Amino acid sequence: MVDTALDQLRRSGRIVVVGASLAGLRAAEVMRQKGFAGSLTLVGDERHEPYDRPPLSKQVLLGKADADHTLLPRRLDIDAEWRLGVAATGLDMAARTVKLADGEEVPYDRLLIATGVRARPWPNEAEGELDGVFTLRTREDGAGLARALAAGPRRVLVIGAGFTGSEIASACRERGLDVTVAERGDGPLVGALGGVIGAVAAELHRENGVDLRTGIMVTGLEGDSTGRVRAAHLSDGTTLECDVVVVSLGAQRNTEWLTGSGLGAGPRGIACDAGCRAFDLRGIVTDDIYVAGDVARSPHALFGYQFLSLEHWGNAVAQAETAAHNMLSESTDRRPHLWVPAFWSSQFGVNIKSVGVPSMGSEIMFTQGSRAERRFTAVYGYQGRVIGAVTFDNGRWLQFYEKQIEACAPFPPPFTTVDRRPDGQRPIPADFPDPSVPTHGPTITLSGYSPADRRIATFTPAGH
Amino acid sequence: MRLVVDLNRCQGYAQCAFLAPDVFAMHGDEGLLYDPEAEEAQRERVAQAAAACPVQAILVDDLDRAGDHSARTPAAAASGTARGSSDG
C-alpha cells in the first residue's frame, strides 16, 4: 500500500533543516540521495557553509591548516536554499513554521533540528571580553587563537582540562609556548575517562612541559589599562601572569530558541525517541520534527535505555543519516539510532580513542599493552559487563571491544591476551568523580534513569 | 579541494601519508594530521590515498571535480576566491 502523503512529501514537500553544520549537511545529503525532490532549506546562524571543527584544535593551532580551510566536502549537490548568518529564533509547532532572526517565517512539512552546542563562555562577561581571552568552537575562534599563538605569547592559560583544553595545551607545547592548565578536577579527562586514565593524561601533560595545576579554580581574570588580559587569580591565592587565556569549560546546547514552543527542549538537549523524532513537553512524540547531532538526547538500548546526548563527530554523522532516512520513510521502514559512542583525540603525539560509555563504568582493566608505556587498551566494566574501552596508541583494538560492548560481553574479560602485562591482570576502580561535584564534564551526558535502577517514583498529575 | 578523514575509522595504516605526503602526515605513532583543503594539484594523489585507505576513512569533495558547485551557494563562491588569494 502506498502512503500517498509520504509520496507527496518525497515529490514536493518542504523540509527545513535548522543547523548548518556536520549533522545538518549530512542529513541533507542523505535526503537527496534517497530521492527527496521537494524544497530543502538549510538555516545556520554562522555565515559559513558547513565546516569541520576537529581540525580547529589541532591542525589549525599548529599552524598546519588555515581556520578558513576546513569546509566539509560535498558528496553531491544538495540543491538547497541556504539561509546562512541568520539564527532561528522560534518554532510554531501548530503552524509548522520556523521563525528567523530577520523576521521571516519559513514553513515546513518536516523539520530537522541540528543546532548543536556552543562553547560555554567565561561566567564573568566583562572578564571574558578582555583582549586575549578565547573560547574555541567556531572558525573565528580558531583563527583568532591561532593568530594569538603565532604572535608568541609569554604564557598561555588554559582553563579546563577536557579534550579540547588538553589539545590546546598540546598544541602550545608543540609550538614551544609556555602553558599553564588549570583544572578543577583531579586530573585531565577525568569527567570522560575517570581518574585512572586521568593520571596517565596528567603524566603526558607534565612530561611535555605543561604547568598542570589540578584541584584548582580560576577565580578571576585581570586586564591591563588597554583591556588586554594580563593575569589570572587562582583559588589557592596565587596570581598567574598570562597574555592568552583559553576558556575550555565544555559546551552548552543551543535550545533557547525553542523556549515556549512546546517542544521537549532544555539545557540537556532535545529529547527524542530512538528514531530521532522529537518529544513535545508532554512526552508525546511528534511525527514531523526530528533531531540529530550534539543537541539530541535519545534512549539507547545498550545503555539501559538511558537518554544519551553525545558530543561526538561520528554520532552527528550517524544520527543525521538515521533522521534523514526516517523523515522520508513509512513507519515500518524506520530505523533506530543505536550507534555505539566513539570518539578520538590527539594530544602530545598520542592518539586517544574510545568506544562505548566509559563514564558509566565503575571498574577498569588494562587488557592490552601497558599503562607504564602509555600504549594500551583499557576496558571499562559496569555490573559485570563491558561498557566501554579506551586506547592510547592502540586504536586497532577498538573494533574488537565495540563488538564486546554490543554483545554485552562479561567483565572482567575472561580471555587472556598475549600482550597483557602484570598490571592488567585484574580490574581496579575506574575512579570517576562524584557526578554531583562540578568538574569538566564528559562528552557523553547520561540523563534520566535506567529501568534497571528500579527507582520508585510517585507522580500526581496536575488537576487530578 | 575539500576533504575530511573520519578519524573514528582511521587506524593509522599511513597509506595516505605515503601516497600524498603533502596532504597527510602521521603525528606520533598513530595520529593523523591532514590539510582539510588541499591544493588542487594534489587531487590525483588524494584520490589514490582515498582509494588505498584500508578502512575507507577519507571523504573527498565530489562537487569540485564536477565543477558545478557554488551555483546555488553564494558562500561557496566566496570561499573559492578566498582560497585563491591566501596560502600563497
Side-chain angles (χ1 to χ4, degrees), chain A residues 20 22 42 44 46-52 54-55 58-60 62 64-66 68-82 84-85 174 312-315 317-318 341-355 375 391-399 402, chain B residues 1-14 22-39 43 46-47 50 54-55 57-88:
Chain A
L22 179 62
L42 265 81
E46 293 189 60
R47 290 181 295 106
H48 318 294
E49 284 183 81
Y51 59 91
D52 206 29
K58 304 174 186 79
Q59 290 98 308
V60 170
L62 291 172
K64 294 183 176 170
D66 195 304
D68 296 345
H69 290 190
T70 74
L71 289 179
L72 285 162
R74 298 295 182 76
R75 296 181 303 174
L76 68 159
D77 184 355
I78 57 172
D79 187 16
E81 187 191 338
W82 293 84
L84 297 175
E174 204 159 321
H312 295 166
W313 192 94
N315 183 66
V317 171
F343 71 85
W344 74 86
S345 174
S346 181
Q347 42 190 273
F348 306 107
V350 176
N351 186 36
I352 301 176
K353 293 178 101 172
S354 161
V355 289
R375 187 183 188 97
T391 59
F392 276 47
D393 277 345
N394 228 224
R396 285 176 208 172
W397 274 101
L398 270 196
Q399 229 174 356
E402 184 178 334
Chain B
M1 174 187 37
R2 308 171 191 173
L3 63 103
V4 66
V5 179
D6 181 343
L7 292 171
N8 280 323
R9 281 172 176 263
C10 175
Q11 297 195 358
Y13 288 102
D22 291 337
V23 180
F24 305 95
M26 298 309 290
H27 191 241
D29 290 340
E30 240 186 44
L32 176 71
L33 288 182
Y34 60 93
D35 181 353
E37 192 164 312
E39 296 286 327
R43 181 172 288 282
V46 170
V55 289
I58 303 169
L59 283 177
V60 188
D61 216 331
D62 274 330
L63 276 181
D64 274 355
R65 195 193 320 246
D68 65 353
H69 91 304
S70 86
R72 293 173 194 82
T73 58
S79 81
T81 14
R83 189 158 59 218
S85 63
S86 61
D87 235 33

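A quick note: this is a predicted structure, and the numbers were derived from the prediction, not measured. Numbered from 1 within each chain, the chains take letters A, B, ... in sequence-line order.
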Check whether A/Asp393 gets within reach of chain B through its side chain, its backbone, both or neither, counting any heavy atom under 4.5 Å. both
Report which part of B/Leu3 has an atom under 4.5 Å of a heavy atom belonging to chain A: side chain, backbone, both, or neither. backbone
Show your reasoning for whether side chain to side chain donor-acceptor pair (under 3.5 Å) applies to B/His27 and A/Gln59. CA-CA 10 Å; B/His27 191 241; A/Gln59 290 98 308; over 6 Å; no
Donor-acceptor pair, side chain of B/Glu30 and main chain of A/Asn394, under 3.5 angstrom: yes
Do A/Trp313 and B/Val4 touch side chain to side chain, with heavy atoms closer than 4.5 Å? yes
For A/Thr70, is it the side chain, the backbone, both, or neither that has a heavy atom closer than 4.5 Å to a heavy atom of chain B? both
A/Lys58 side chain vs B/Leu32 backbone, donor-acceptor pair below 3.5 Å: no
Gap between atom CZ of A/Arg375 and atom CG of B/Asp29 - 0.5 Å precision: 5.0 Å
Nearest 0.5 Å, what's the OG-CG distance between A/Ser346 and B/Leu7? 8.5 Å
Whether B/Arg2 side chain and A/Leu72 backbone form a donor-acceptor pair below 3.5 Å: yes
Check whether any side-chain N or O of B/Asp35 sits under 3.5 Å from a backbone N or O of A/Ala65 as a donor-acceptor pair, and report yes or no. no
Within 45 degrees of the ring normal and closer than 6.0 Å to the centroid, is that where the cationic atom of A/Arg396 sits relative to B/Tyr13? yes
Distance check, rounded to the nearest 0.5 Å: B/Met1 atom CE versus A/Leu71 atom CG? 13.5 Å
Under 4.5 Å to a heavy atom of chain B? For A/Ile352 that would be neither
So which part of A/Glu402 gets closer than 4.5 Å to some heavy atom of chain B, the side chain, the backbone, both or neither? neither
Taking the side chain from A/Lys353 and the backbone from B/Asn8, do they hold a donor-acceptor pair closer than 3.5 Å? yes
A side-chain contact here means heavy atoms from C-beta on lying under 4.5 Å apart; do A/Arg75 and B/Leu59 qualify? yes
